[in-house]
Structures are given as C-alpha cells and as structure tokens.
Asks: 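Okay, here's the structure, questions in a sec.
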Amino acid sequence: MATLFWFRNGLRVHDNRALLKALDYDLDEKTSCIRNADKKHSALVYPVYILEPDRLKSGLIGPNRVKYLQVKTCHCREAAVDKSAGDPLSKIPKLCADYKVNKLVFERDTDEYCRGRDENIKELMKKCHVQVETYSGHTLWDLDDIMDRSGGQLTKSYGPFVKLLEKMPQPQNRFPSIPTMQGTLDPHMATDPKYDLPNVEDYLQGKEPTTIHKGGESEGLRRLDNYLQDTTRTRVFRKPQTSPIDTHPASTTILSPFMKFGSLSCRTFWHRVNEVYKKGQHSAPPESLIGQLYWREFFYSQGEVALLIPWKGYNENKEDEEKFQAWAEGRTRYPWIDAVMHQLIKHGWMHQLARHCVACFLTRGQLFISWEKGAEVFHKYLLDADYNLNNGNWLWLSASAYYTTYFRVYSPTKFPQKYGKSDGAKFIRQFVPEVAKLPDLYIFEPWKAPPSVQKSSNCVLGKDYPHPIMDAENAKAENMEIMRICYEKKVHGNCSPKEYEDHMALFKIVLAKDYNQYGNGASNKAPRKGQINLETAMQQLAKRTQRQRENN
DNA sequence: TACACAGTTGGAATC
DNA sequence: CGATTCCAACTGTGT
C-alpha cells in the first residue's frame, strides 16, 4: 500500500512535519527530533503537486508568480513531484486509484477557499476508504491553539495579540530535513519524465515573466543566511525606518514570496532570528523582524467585519472604472503612485510603505474605490500574494478595520521625498521613463514644472505626459468627509438588510450632492473642506422614504 | 460600568 | 535641517 503526499504551500523539504509524517518517521514533537531515522521503510510515498487551471487563469495570477511554480521549489531531487494538472476533486481520487493509495497527507491551508476545498476532499476520501492526515505548518503556531488560548475571543489589536503569543509555548523547533529517501519514495522519480518541472506555458498566455526576484527553497534559505549574517542589521531592524525607495539592494529581507509558498519555514525564520538576538540588544514587536512574523500570524488569525463605507467601483460607472484602470496600470500621472504600481507589475514586490501609499490612494485617500478591487490587482501581481495577509492589509489601509485614524493620508507627492529628494527621484526614474528627464525638483509633480523645463525634459504636460486624473488635495478633503460620516454612523458589514439599505441610501444623497463637482485634471483651486451636512442629508432621506411609502 | 490610555510606519506649520 | 506640536478625536482594551 502507498501514501499520496500532496504539496500545495509548504514547498520545501526542510522543517516539513507533514512530509516526514507521510514518510512514516516517528517524530518527537517536544524536541523536534526523528526517533527512527535509520528505519527501513516499506510503504511507498508519491509526492504530487496539482496545477489548478481555475486558479492559474491569467486574469487572476500574473506571469511572474505562475513562473515561480516552475522553479525547483524544493532543493532535493527527492522532493521532485508529479505535477498533475486539473481540479483536485477529480484528480486526487484518480491518483489514489492509479497508485493504489490508502493514505493521503497534506499540510493544512489557511484561507477560506482552500479550507472549503480540503473539506470536500476529505469527504471524497472517506467514500474511497482512503485515510486522510493533515498537519499544521504554514504558521508559527497552530491557529486552533491560538484561538483556544484566547478563550474564543480573539483580540483585534496587535499589541494584546503579541502578549497572547508570548504567553504561548515557543514556536516548535525546526524538524530536520529528510534523512534518507532511499527505497521510500517512488523509485522511478529520478528518471520518470512526469517528475520533471511543471509546464506552466499554458498559463503564461504568451506573457514573459519580468521579475528580478528568484524563487525556490535553496534561494530562500540562502537569502535568509545572507540577511542574518549582518547581525547588527538583524538586531536593530525597525520596519518603519526602512525605506520604500531602496531597490539595489532593498532595505528589507524580501523573504515574503518564500513565506507565501512555504519554501522557507516561518519556524526556521523565527528560531534563526532568535539565535541572532542572543548576541545582544534587539528591537521588539511591532517593528522588529520577529514583529513582522507576528503580523503575519495576526492576520492569519483574524476574521474581520469591515466598517460599511460607500466605496465606488461596484457599479458599472464608466468614470470610476477608468480611474480604477488608471491606478491599476500606473497611469494616474502621480509619478510616485505610478512608479510603485509599475514595480508591482514588473517585479511582483514592493516595500510595505509603498504598498501603503498606493492602497491609500485608491481607497480613502484619493479615488475612493473599493479596497476589494485593489486587493484583486495586488493578488494577481504580488509574488507574495496571500489571501489573509493581502486582505487584512487592505482592510487596514482603507481604514475599514483595525486602523481608525482615517485622516492620516499619505501624500502622493510629499511622501517619497521624505527619503531624500534625489533618491526618491531615482526610484521614480527607474519605473516611469516618461518623467525621467525632469529634474529632482519637479519629478514628483511634473505639472508644476515651468514650460521651458517641461520642454527641455521632453515632458510637456498634455502632450508628452497627460495631466493627473484628478486633484489629490481636493479628493482627499472630500473623501475624509465621507470617512468622518462613516465613523460617526458606525454601520458594519454584519448589519441588518434594513440598516444596510438606509446607510447606502443616505450616501446616495450625500454623494450626489457633493461629489461629482470636480473637473478633471489638477487645478489651482485651494483644497475645499466643504463639510457635508449630515443632518440635511438625513432629512432628505426621511422625506424620500416617506414619498416612497405614499407611492406604494 | 466608567474612564483612561495606547495605537507599526502622516502632514503641515513652527521653531 | 531636525525636532516638536497640532490636526481632530477614532477603536479596543485594561483597570
């Protein structure tokens, strides 16, 4: 009889408890040692990775991340996998029958979609009389343990969450890599072409990957080694002090893509950093390196109900759609915003603060378009795209949950200058060639450049380079007012249908009255802080519902 | 129950 | 230039 090991995330052979279990090793959970490392194994294990066509469509996932699946994700020949393609619900039973499998093993997933899929698989396996074993491994702690420890009421704030984590036993130590695979895995793996790298050409749709970032387990471990070698940098790491405009090299670790695929174990990361911490004083959460791992843990543990904000982008409004597309493709003509979006599309990675700027711009800052639309774009292009972390951060930035100081808005022109005018300009030149020739003084706001400078820089506004899609200052003042009303009303996504309708009807009036007053393009008008009179709007709403009742 | 207090990473004006 | 203060006043948590 045989075991099927299903790789999904957790694409590694180091610290892989589920894989060791599939290989029938006797693990000491306290010390993370293998008790029977020398044991001769009789059962065969077939490792597989299933390319799911529905999830690899080009509209959902960009070429950079698709290509990542073609990198040797695990660094041992032994971990080569059968790369079947198809829907796991039909594929897994077929593989079980083909290989005469009586046991299926996989690492548990964390997101909604995958958990649902896995429940269906378990049901199916019951019918096929195949035993299913699953193990936690993608997070520092088993999420169920965190929930138990919190008494079922998990905090929505990071600080108390870390306090809770620090009361837990330390994250489990790393399991050793697989000691010897001889006679255990499918003996034909070395020669059988079905164990070659997966062919992802069909999913690239002719688009070539453009990222500079490499993938794979070896690369992840090498990057970690390399970063931790500078022990001072590791110990003093404070995220807000790192710079979003540094690219060669970046100011952070860029280990997130490896964490997303699980080609680097988060427990390996945790223990290795703590070994460095023993050498002297170090920073602390939320800003420290360990603090970053705890943010990840935080968003994985959360199930959040968002504040109800009347975002645009849900209805088929042509103007909104155009603005959204301009943002998504880096055509807002705010060079800093566009540069970051181009970095996303080209490289699949941006610094956290750069993500903040463009997310704020799309939502509560300027365009007031739904964070869900933005999250889709991020999910498509980010190498580290992860459902929980991506959505959690978008909720945060749009001030729909967790973060409430909505009046703190990133300036699309001033923010990149904080890191030095010339360095900020250098970043923009890398990604927005149209404005590259403008001097540092005007590159953040090309429309402010005198005509002679525009001409000599080959960047004449309205000719070589379009005007911005809207005036950022005006939009900000207007949006902040809508946000203020939302916070005043405090209606959340879990409200009753009646509350929902009233809330949205109110904003229909508010928006019709005060929105839509702005012309296109940047203007010289002073920022307007026109307060929307909520009371008047409410009275109008009452009158309207009264009229509707009478008509009925 | 009431109240104090902290909260990953803003911007503009002022000294 | 770097540091400090105000903006307007939110939520979740702890006492």
Side-chain angles (χ1 to χ4, degrees), chain A residues 150-151 153-165 167 236-246 251-252 256 282-299 301-309 334 336-337 340 350-361 363-366 389 392-424 444-445 472-477 479-493 526-527 529 531-532 534:
Chain A
S150 72
Q153 266 296 67
L154 195 59
T155 170
K156 288 173 184 167
S157 300
Y158 178 84
F161 179 74
V162 170
K163 270 189 195 163
L164 179 81
L165 293 187
K167 271 187 237 153
V236 305
F237 183 95
R238 294 178 67 197
K239 189 65 172 285
Q241 315 297 318
T242 60
S243 159
I245 58 171
D246 289 349
S251 61
T252 51
S256 55
H282 54 83
S283 51
E287 299 178 331
S288 64
L289 214 44
I290 290 292
Q292 305 312 304
L293 285 172
Y294 289 169
W295 278 108
R296 182 173 177 271
E297 210 75 357
F298 177 69
F299 284 123
S301 321
Q302 291 288 318
E304 186 47 63
V305 178
L307 188 70
L308 211 50
I309 299 167
Y334 280 87
W336 163 242
I337 300 298
V340 173
M350 321 90 100
H351 187 278
Q352 183 76 349
L353 288 176
R355 301 181 195 204
H356 281 207
C357 287
V358 295
C360 184
F361 189 93
T363 57
R364 66 192 167 84
Q366 272 73 34
L389 309 189
N393 277 299
W394 273 95
L395 281 167
W396 185 293
L397 258 297
S398 62
S400 303
Y402 312 117
Y403 185 77
T404 56
T405 39
Y406 58 85
F407 39 83
R408 289 188 178 174
V409 174
Y410 289 91
S411 162
T413 54
K414 303 282 161 48
F415 189 82
Q417 301 186 51
K418 275 188 13 180
Y419 302 91
K421 251 193 170 65
S422 71
D423 287 348
F444 304 96
E445 300 163 280
E473 282 301 316
N474 278 341
K476 173 177 141 183
N479 295 340
M480 218 185 269
E481 192 56 20
I482 307 288
M483 291 301 288
R484 189 185 65 76
I485 295 173
C486 287
Y487 272 88
E488 197 177 312
K489 301 267 310 176
K490 284 178 210 149
V491 181
H492 287 81
K529 288 206 171 174
Q531 280 239 329
I532 291 165
L534 186 56

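Naming: A, B, ... by sequence-line order, numbering from 1 per chain.
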Asks: Over how many whole Å does the gap from A:Glu473 atom CD to B:dG10 atom P extend?
Replies: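 Rounded to whole Å, this separation is 17 Å.
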Asks: Rounding to a whole Å, what distance do you find between A:Phe407:CZ and C:dA8:P?
Replies: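 Answer to the nearest Å: 9 Å.
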Asks: Could you tell me the separation between the CZ atom of A:Phe298 and the C1' atom of B:dT8, rounded to a whole number of Å?
Replies: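 Rounded to whole Å, this separation is 11 Å.
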Asks: Within the side chain of A:Gln366, is there an N or O that forms a donor-acceptor pair under 3.5 Å with the backbone of A:Ala475?
Replies: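 Checking the backbone N and O of A:Ala475 against the side chain of A:Gln366, no donor-acceptor pair under 3.5 Å is found.
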Asks: Contact class for A:Tyr402 (heavy atom, under 4.0 Å): base, sugar-phosphate, or nothing?
Replies: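 Since no nucleic acid heavy atom lies under 4.0 Å of A:Tyr402, the category is nothing.
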Asks: Roughly how many Å is it from OH in A:Tyr419 to P in B:dT9, rounded to a whole number?
Replies: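 Going from OH in A:Tyr419 over to P in B:dT9 covers 12 Å.
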Asks: With centres under 5.5 Å and planes under 30°, do A:Trp295 and B:dT8 count as stacked?
Replies: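 A:Trp295 ring centre within cut-off of B:dT8 base, planes near parallel; stacks.
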Asks: Is there a donor-acceptor pair under 3.5 Å between the side chain of A:Tyr294 and the backbone N or O of A:Leu165?
Replies: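 No: the side chain of A:Tyr294 does not pair with the backbone of A:Leu165.
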Asks: How does protein contact run along nucleotides 1-6 of chain B, one letter per nucleotide 5' to 3', with B for base contact, S for sugar-phosphate only, - for none, heavy atoms under 4.0 Å?
Replies: ------
Asks: Examine C:dC10: is either OP1 or OP2 under 4.0 Å from a nitrogen or oxygen in the side chain of A:Arg484? Give yes or no.
Replies: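 For C:dC10, neither OP1 nor OP2 has a side-chain N or O of A:Arg484 closer than 4.0 Å.
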Asks: Under a 3.5 Å distance rule, please check whether A:Gln302 uses its side chain to pair with a backbone N or O of A:Thr155 as donor and acceptor.
Replies: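 Confirmed, A:Gln302 side chain pairs with A:Thr155 backbone.
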Asks: Side-chain N or O of A:Lys414 less than 4.0 angstrom from OP1 or OP2 on B:dG10?
Replies: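 No, no such contact exists.
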Asks: Where the side chain of A:Gln292 meets the backbone of A:Pro286, is there a donor-acceptor pair that is under 3.5 Å apart?
Replies: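 Checking the backbone N and O of A:Pro286 against the side chain of A:Gln292, a donor-acceptor pair under 3.5 Å is found.
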Asks: Any side-chain to backbone donor/acceptor pair from A:Ser283 onto A:Phe237? Under 3.5 Å, distance only.
Replies: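 At least one qualifying donor-acceptor pair exists.
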Asks: If the C1' atom of C:dA9 is compared with that of B:dA4, how far apart are they to the nearest Å?
Replies: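 C:dA9 and B:dA4 have their C1' atoms separated by 15 Å.
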Asks: So, do A:Trp295 and A:Tyr158 have ring centers that fall under 6.0 Å from each other?
Replies: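 Close enough - the centres of the two rings lie under 6.0 Å apart.
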Asks: Can a donor-acceptor pair be found, under 3.5 Å and without considering hydrogens, that links the side chain of A:Ser251 to the backbone of A:Ser243?
Replies: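 Yes, A:Ser251 side chain to A:Ser243 backbone: donor-acceptor pair under 3.5 Å.
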Asks: Once Watson-Crick and G-U wobble pairs under 3.5 Å are found, how is DNA chain B written in dot-bracket notation, 5' to 3', with | for any base paired to another strand?
Replies: .||||||..||||||
Asks: Taking atom C1' in both B:dG11 and C:dT11, what distance in whole Å separates the two?
Replies: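 The same atom, C1', in both gives a distance of 22 Å.
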Asks: Of all the choices, B:dT9, C:dA9, B:dT8, which nucleotide is nearest to the side chain of A:Leu353 once you look at every atom?
Replies: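 Comparing B:dT9, C:dA9, B:dT8 against the side chain of A:Leu353, the answer is B:dT9.
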Asks: Is there a donor-acceptor pair closer than 3.5 Å between any side-chain N or O of A:Ser288 and the backbone N or O of A:Gly291?
Replies: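 Looks like yes, one N/O pair under 3.5 Å.
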Asks: Could you label the plane-to-plane angle of the A:Tyr406 and A:Tyr487 rings as parallel, tilted or perpendicular, counting under 30° as parallel and over 60° as perpendicular?
Replies: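 Parallel, since the angle between the ring planes stays under 30°.
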Asks: Within this structure, what is the CE-to-P distance between A:Met480 and B:dA12, rounded to whole angstrom?
Replies: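 These atoms are roughly 10 Å apart.
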Asks: Provide, to the nearest angstrom, the distance between the CD atom belonging to A:Gln417 and the C1' atom belonging to B:dG11.
Replies: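 My rounded result for the distance is 13 Å.
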Asks: What is the distance from CG of A:Asn393 to C1' of B:dT9, rounded to the nearest Å?
Replies: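 After rounding, the gap between these two atoms is 12 Å.
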Asks: Write down the atom of A:Ser400, the atom of A:Ile309, and the distance for their closest heavy-atom approach.
Replies: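 That would be OG-CD1, 3.9 Å.
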Asks: State yes or no: are the ring centers of A:Tyr402 and A:Phe298 separated by less than 6.0 Å?
Replies: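 Judged by ring-centre distance (under 6.0 Å), A:Tyr402 and A:Phe298 do meet the cut-off.
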Asks: Would you indicate what A:Gln352 reaches in the nucleic acid, counting non-hydrogen atoms under 4.0 angstrom: base, sugar-phosphate, or nothing?
Replies: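 Base, at least one base heavy atom under 4.0 Å.
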Asks: What's the gap between B:dA12 and C:dC10 when it is taken at their P atoms, as a whole Å value?
Replies: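 My reading of the P atoms in B:dA12 and C:dC10 gives 23 Å.
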Asks: Which atoms of nucleotides 11-15 of chain C (N or O only) lie under 3.5 Å from a protein N or O atom, and what are those distances?
Replies:
from	atom 1	to	atom 2	distance (Å)
C:dG12	O3'	A:Ser157	OG	3.4
C:dT13	OP1	A:Thr155	OG1	2.2
C:dT13	OP1	A:Lys156	N	2.8

Asks: Could you tell me how far apart A:His356 (NE2) and B:dT9 (C1') are, to the nearest whole angstrom?
Replies: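 The distance from NE2 of A:His356 to C1' of B:dT9 comes to 7 Å, rounded to the nearest Å.
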Asks: Counting only N and O atoms by type, is there a donor-acceptor contact under 3.5 Å from the side chain of A:Arg364 to the main-chain atoms of A:Met480?
Replies: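 No, the answer is negative, given that no donor and acceptor are paired below the 3.5 Å cut-off.
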